[in-house]
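Read through the structure below, which is laid out as structure tokens, and then see the notes.
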Amino acid sequence: MNCGTGVRTTALLGSLLIVTAGCAELVGTVESERLDVPSAASPSSSTAASSADTGSVFIDVSSGAELPSVASVAPSVTASVDGEHQAPPGGTVAPTEPEQPVACLPVNPFTTRRLTRYELLGVLSSVLGAEVLASDDVATAIASFPEEASGDITRDFQDTHTLQHVTSMLAISEAVAHVLEANLEQREQVFGQCVEAADEECARAFFDTVGARLLRRPIDAARKSAWLDAFEADGQGALGMVRMLQRALQAPELAFHLWSQNDAYVAASRLSFALTGAGPDEELLADAAAGKLQHRSVLEAHALRLADSPPGRQTFERLLDDWLGLRTAPNANAVVAAHANIDASGLAQEAHRELLDFAGYAVFDALASSSELLTLDIGFPKSERLAKIYGSEIASDDPVVLPNGHRGLMLRAAPLISGHTHTSPILRGAFVRKRLLCQAIPPPDFALVEAGRKEEASLDRATLSNREVTERLTDTSTCAGCHALINPFGFALESFNELGALRSQELVFDEANNVVAKHLLDTSVEYPSLQTGKIVTLNNAQDLNQALVESQQFHACVAQRLITQAQLRPLATDASERCYAASIAEQLSEGVPVRDAWINVAVESVLTAASQTTVASDGGDQ
Amino acid sequence: MQRRTFLRGVGGLALAIPFLPSLQQKNSWASVSTRPVRYVQWVTDHGVHPDSFWPTVELGEPDSRGVRQTSLADVEGSLSTILGQPFDGLKDDLLLCNGLDLLVVRHFHNACVPTCASWPREDNHIPFFAHSVDTVLEASNKVYPTPTRMGALRLTPGVNSSYKWGSFSWTTVDGRATKLPCYDSNAAALNALFGSTDTSAGAAQQLQEARVLLVDRVLDDYRSVVATASSADKRQLEHYLDLLSELQTRVSVEVKACGVPTLPQELDFDVLHRNAIDLAVAALLCDATRVVAYHSYHGAPDAYDEETFHAWAHDNRTLHTQMQAYRYKQLAALIERLKSVQEDGGDGPRALLDNCLVYANNELSDPPHGSSHLRNMPVILAGKAGGRLNPGRYVHFGGRLMNSLLVSIFDTMGLAPEDFERNGVAGFGDYEGNNAELYSQFLSQDERRQRLPVV
């Protein structure tokens with residue numbers, strides 16, 4: 001089967017979406033669903049063929065909604081499998097449905113949405129300059145613009161302006177005007193030669209420069225006429241220019257992505273916001289005006305340029321933060337840190353920064369594949385304490401080798417740091433399941449959690465290891481279903497202590513912060529394979545890491561994040577986007593650099609949108 | 001000059017902050033003020049351990065409605081560990097309300113429990129009934145016969161209000177639950193309320209005229225885009241247009257001349273909250289708003305770490321209680337400040353607090369949110385609401401719906417059911433939940449619209 005202009009076979013759609021109505025079904029079936037997918041080089045969207053072997057029931061891990069079985073993803077345009085299904089452990093098999101043609105394409109979001117705070121700031125910064133934004137007045141005004149959801153923005157984005165948004169836009173425009181009025185240099189920077197005695201020619205120049213950048217498209221004739229009238233009414237000059245800028249700073253085209261216009265400028269905006277979180281630069285706008293963005297090669301060249309830029313890296317960092325959820329990791333435990341002669345203050349934030357440095361280097365400098373995002377044993381510990389935790393040299397601009405088994409996104413300080421005097425195998429295991437594998441785990445019954453905490457207080461950690469305590473607390477019939485899947489991953493990670501450092505034994509602290517016991521570590525676990533669902537053994541954290549590399553679910557999770565981040569929505573439930581996600585997952589699992597997959601997703605999104613109508617090249621005066 | 005340091009209103013009333021203490025005799029004022037009743041909503045999160053919060057004092061015998069009460073003056077020493085020394089001088093101003101429940105047991109956190117009386121159907125912090133008291137009051141022409149500069153001043157000092165516990169203000173836009181942001185920057189809120197760096201009256205007028213002109217022009221731009229927009233785009237653009245129109249109205253309102261606080265540099269959380277409190281009090285006093293929603297998030301004077309706070313709720317009673325004592329100290333400071341400010345009540349100066357209804361509550365009652373965390377919500381009322389509230393008591397309602405408290409607040413603020421009811425629901429909030437049968441006597445339409453007894 002082929003999802004597109006297809007070339008290869010074998011996308012593991014099943015691995016993308018694992019059943020999880022309850023935890024018993026979280027164990028996937030995954031081994032066999034195969035879809036033909038586009039090649040990494042041309043993930044386009046037109047033709048198809050098909051082939052596959054077995055299928056399963058797919059459930060949207062975020063919504064729990066049942067997806068079409070693979071058998072319903074079918075022939076000509078795209079994907080299909082034969083109708084043979086393998087029941088997931090403890091689950092049922094969906095009836096085979098009639099095959100329906102499904103294109104392997106991202107869902108095309110024409111819907112208008114508001115700019116996020118970071119997108120707005122991205123536009124303002126690129127057009128007005130960082131200095132203007134950093135001035136006291138403007139910074140205060142910007143502080144009133146509401147932040148976006150601090151959780152996972154693909155799930156929590158609230159696409160509604162409030163009065164505070166509107167008030168803030170006004171405040172920002174006033175503050176910018178105030179700063180420009182007071183600062184000749186910054187005024188020159190924005191208005192160029194028209195800094196003093198501005199006339200109509202200056203106003204027209206503004207339309208084509210600052211105005212077009214802020215609105216991300218040429219300003220149409222009617223708007224120009226209205227703004228020129230106002231410019232005249234204001235007596236032209238600096239006042240007229242500043243007021244025109246204030247108006248542009250509150251224009252609908254700045255506050256919204258008006259994507260339903262779907263012309264070349266929208267294409268430019270889509271690409272630019274996806275990769276940089278800001279509007280198109282002059283180069284991109286020029287190619288939009290010239291009608292060149294219909295060509296994949298042109299889009300790819302721009303995409304590569306944008307992705308590799310500093311804003312591109314920052315945008316990828318934001319993607320990582322939304323995905324891994326480590327922005328608000330708890331502070332490292334002060335007792336454990338003191339025992340290691342390490343200052344705990346700010347350690348979690350430093351570790352978070354180190355993870356981002358690692359990922360940025362891996363993705364953009366080393367062109368790492370998603371597997372390598374888990375396996376590269378390098379890092380950027382830039383302080384003595386973090387180097388001590390890693391047992392490494394202190395890094396400068398270049399990475400250092402981490403000699404103690406630290407590697408990738410999982411086996412490093414940021415996700416391993418604990419705020420307690422003991423690690424939490426449950427939280428660590430849940431991090432792997434929820435974050436690295438994009439699986440939904442039902443929340444626990446907190447009455448049971450509360451009871452468990454009371455029971456925990458009665459357990460003697462001097463005689464019971466952390467693993468034994470965890471097992472006792474989660475060994476009830478109610479808890480065991482989920483914890484059989486969560487705990488093993490946490491136990492495998494027990495070779496890293498509460499600071500994320502390699503350890504050979506577990507230390508137990510009393511209330512006076514003295515070490516009162518030591519336990520041998522047992523990191524060997526049995527768990528249901530991510531590939532087959534059959535019980536297999538992991539000996540340690542490295543085995544777990546390798547299991548993730550081989551699982552496909554990790555790659556599918558990365559694909560999901562690449563697709564959904566720019567759209568600020570979860571993965572669509574329709575089979576077309578699922579098929580598309582599977583194709584990206586396959587590219588990743590086969591070693592396509594993450595950066596290139598990210599670029600592909602951005603480019604494909606633009607092309608898919610553009611294919612709905614002809615990309616116009618004349619978005620200017622009408 | 002930086003905006004945060006300006007002092008506007010020179011030439012207006014010489015009203016200074018801090019203000020004179022109240023001249024009123026406690027509990028002796030039964031007349032109704034001619035000044036509008038102002039609503040101040042103070043909310044925090046992560047619950048309180050009940051034995052650290054409620055006073056240990058004998059309540060009287062239950063009346064015919066099962067309500068027990070006693071005077072707070074009977075409490076010796078501080079009210080409790082959390083309501084500690086900062087509340088000692090406020091006993092006559094408080095009405096502690098125990099025995100108020102939500103009719104559901106769910107372990108979810110939900111920032112709209114105290115203000116919407118609603119709970120999320122999923123663990124996503126989105127209330128099923130997405131209307132909070134402050135947003136309803138903000139929209140009411142009973143509270144606002146004429147508009148003010150700001151419908152509601154929402155403050156979350158120093159904390160990003162987009163965080164899941166960061167705002168307790170919800171409304172519904174186009175059928176979608178919408179969480180309203182708060183100002184986390186006091187300087188930005190000051191700017192939004194009082195405007196410009198220029199202190200002269202002429203300059204202020206000039207600024208206002210320029211602002212009205214600018215918004216007019218922006219409105220024109222939106223109208224021109226809406227005229228040609230697709231139907232899908234139109235909905236959102238028109239919503240924005242509505243907001244712009246509201247902004248136009250509000251920027252046209254002249255704020256009463258009165259003292260505006262300077263905001264000292266916020267070197268620690270105490271100053272941060274003090275500035276926010278000064279700002280809220282000034283906004284009320286200047287009639288720049290009549291509704292304040294204040295979210296106190298910082299849990300300690302020297303640390304801000306929401307994940308750690310959350311962990312304490314589950315496993316460290318001592319630190320959690322210290323954290324809440326710090327937060328409630330800020331509530332005491334807010335009430336104290338309202339009490340210390342005088343305004344003309346029509347028959348002489350009165351404490352601003354006397355014309356306020358302060359409603360304080362928490363996202364949870366019992367911190368571990370295991371099973372009893374939505375019962376006995378830690379409700380505090382303060383102020384006299386222009387003579388409509390009689391504080392100085394500790395009341396136990398014996399297990400009534402907290403919804404009735406919110407109905408009582410609306411009633412006190414002069415709203416009838418037709419003014420505050422939403423979504424076709426009689427009363428206010430959620431009346432469905434897995435414990436609904438325990439409250440069946442309060443679920444009829446008539447009961448839902450009743451205010452609490454005694455209050």
Side-chain angles (χ1 to χ4, degrees), chain A residues 110-114 136-137 140-144 146-151 155-156 158-168 170-171 173-175 178 222-223 226-227 230 243 246-247 250-253 255-256 258 260 328-331 419-420 443-451 453 456, chain B residues 2-4 105 107-108 123-124 151 154 160-164 166 173-174 176 178-185 187-189 191-192 197 210-211 214-215 217-218 220-222 224-226 229-230 232-233 236-237 239-240 243-244 246-247 250-251 305-308 311 314-315 368-371:
Chain A
F110 281 124
T111 318
T112 290
R113 72 162 170 84
R114 69 174 178 85
D136 279 344
D137 279 358
T140 297
I142 287 172
S144 67
E147 297 271 2
E148 305 308 327
S150 57
R155 187 195 61 188
D156 299 335
Q158 185 173 286
D159 186 16
T160 306
H161 282 105
T162 66
L163 186 61
Q164 191 172 324
H165 287 95
V166 181
T167 307
S168 286
L170 173 63
S173 76
E174 288 182 339
H178 184 248
R223 190 78 61 87
W227 287 13
R243 286 191 171 174
Q246 285 186 298
R247 193 168 178 173
Q250 296 177 83
E253 292 88 347
F256 289 96
L258 296 171
S260 62
T328 55
N331 282 340
H420 297 274
D445 181 332
F446 272 56
L448 294 174
V449 171
E450 190 181 8
R453 290 189 184 278
E456 182 181 6
Chain B
Q2 294 185 3
R3 287 178 183 218
R4 70 189 59 152
V105 172
H107 61 260
F108 305 150
D123 191 7
N124 59 7
R154 299 190 173 86
N160 174 359
S161 66
S162 72
Y163 188 63
K164 51 194 171 187
V173 179
D174 287 339
R176 288 176 300 179
T178 302
K179 185 165 75 167
L180 295 178
C182 308
Y183 285 97
D184 56 8
S185 158
N191 194 34
T197 57
R211 185 176 274 180
L214 175 59
V215 178
R217 289 173 175 175
V218 175
D220 284 344
D221 290 341
Y222 267 86
S224 71
V225 172
V226 166
S230 69
D233 292 354
Q236 280 189 291
L237 289 165
H239 174 63
Y240 198 97
L243 294 171
L244 268 173
E246 182 179 348
L247 177 66
R250 293 195 182 281
V251 298
D305 176 1
E306 56 210 26
E307 294 301 319
T308 301
H314 288 287
D315 61 16
H369 51 104
S371 55

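The chains referred to below are lettered A, B, ... by the order of the sequence lines, with proteins before strands, and numbering in each begins at 1. Only this structure's heavy atoms are used, side chains among them; waters, hydrogens and symmetry mates stay out.
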Would you name the heavy atoms of A210(B) and R243(A) that are closest together and state the gap between them? CB-NH2, 3.7 Å

From Y240(B) OH over to L163(A) CG, what is the distance, rounded to the nearest 0.5 angstrom? 10.0 Å

Bottom line for A143(A): the part with an atom under 4.5 Å from chain B's heavy atoms is both

Non-hydrogen side-chain atoms of D221(B) and W227(A) separated by less than 4.5 Å: yes

Before giving the answer on side chain to side chain contact (heavy atoms under 4.5 Å, CB included), spell out for L258(A) and L237(B) the whole-Å C-alpha distance, their side-chain angles and the decisive distance to 0.1 Å. CA-CA 10 Å; L258(A) 296 171; L237(B) 289 165; 4.2 Å; yes

Measuring heavy-atom distances to chain B, does S173(A) have an atom under 4.5 Å in its side chain, in its backbone, in both, or in neither? side chain

Closest non-hydrogen atom pair, R223(A) against V225(B): NH2-CG2, 3.0 Å

Partner chain A: residue of D220(B), V173(B), V251(B), L247(B) with the largest heavy-atom pair count (under 4.5 Å): L247(B)

Short side-chain to backbone donor-acceptor contact, H161(A) and H239(B), under 3.5 Å: no

Below 4.5 Å from any heavy atom of chain B, which atoms of E148(A) appear? Answer side chain, backbone, both or neither. backbone

Proximity breakdown for V226(B) and chain A, heavy-atom pairs closer than 4.5 Å: neither

Heavy-atom distance under 4.5 Å to chain B: side chain of D156(A), backbone, both or neither? neither

Leading residue by heavy atom contact count with chain B [cutoff under 4.5 Å; candidates R155(A), E456(A), R114(A), Q158(A)]: Q158(A)

Which bit of D174(B) comes within less than 4.5 Å of chain A, counting heavy atoms only: side chain, backbone, both or neither? neither

Shortest non-hydrogen contact from Q250(A) to Y222(B)? O-CE1, 3.3 Å

Side chain, backbone, both or neither of L214(B) within contact of chain A (heavy atoms, under 4.5 Å): side chain

Examine whether an atom of S224(B) lies under 4.5 Å from a heavy atom of chain A, and if so say whether it belongs to the side chain, the backbone or both; otherwise answer neither. side chain

Step-by-step side chain to side chain contact (heavy atoms under 4.5 Å, CB included) determination, D159(A) to Q236(B): CA-CA 9 Å; D159(A) 186 16; Q236(B) 280 189 291; 3.1 Å; yes

Max heavy-atom pair count under 4.5 Å with chain B, selected residue of P146(A), A226(A), A230(A): A230(A)

Structural part of R154(B) lying under 4.5 Å from a heavy atom of chain A: neither

Spacing of CZ belonging to R211(B) relative to CG belonging to L170(A), to within rounding of 0.5 Å: 5.5 Å

How many angstroms lie between atom OG1 of T167(A) and atom CZ of R250(B), to the nearest 0.5 angstrom? 9.0 Å

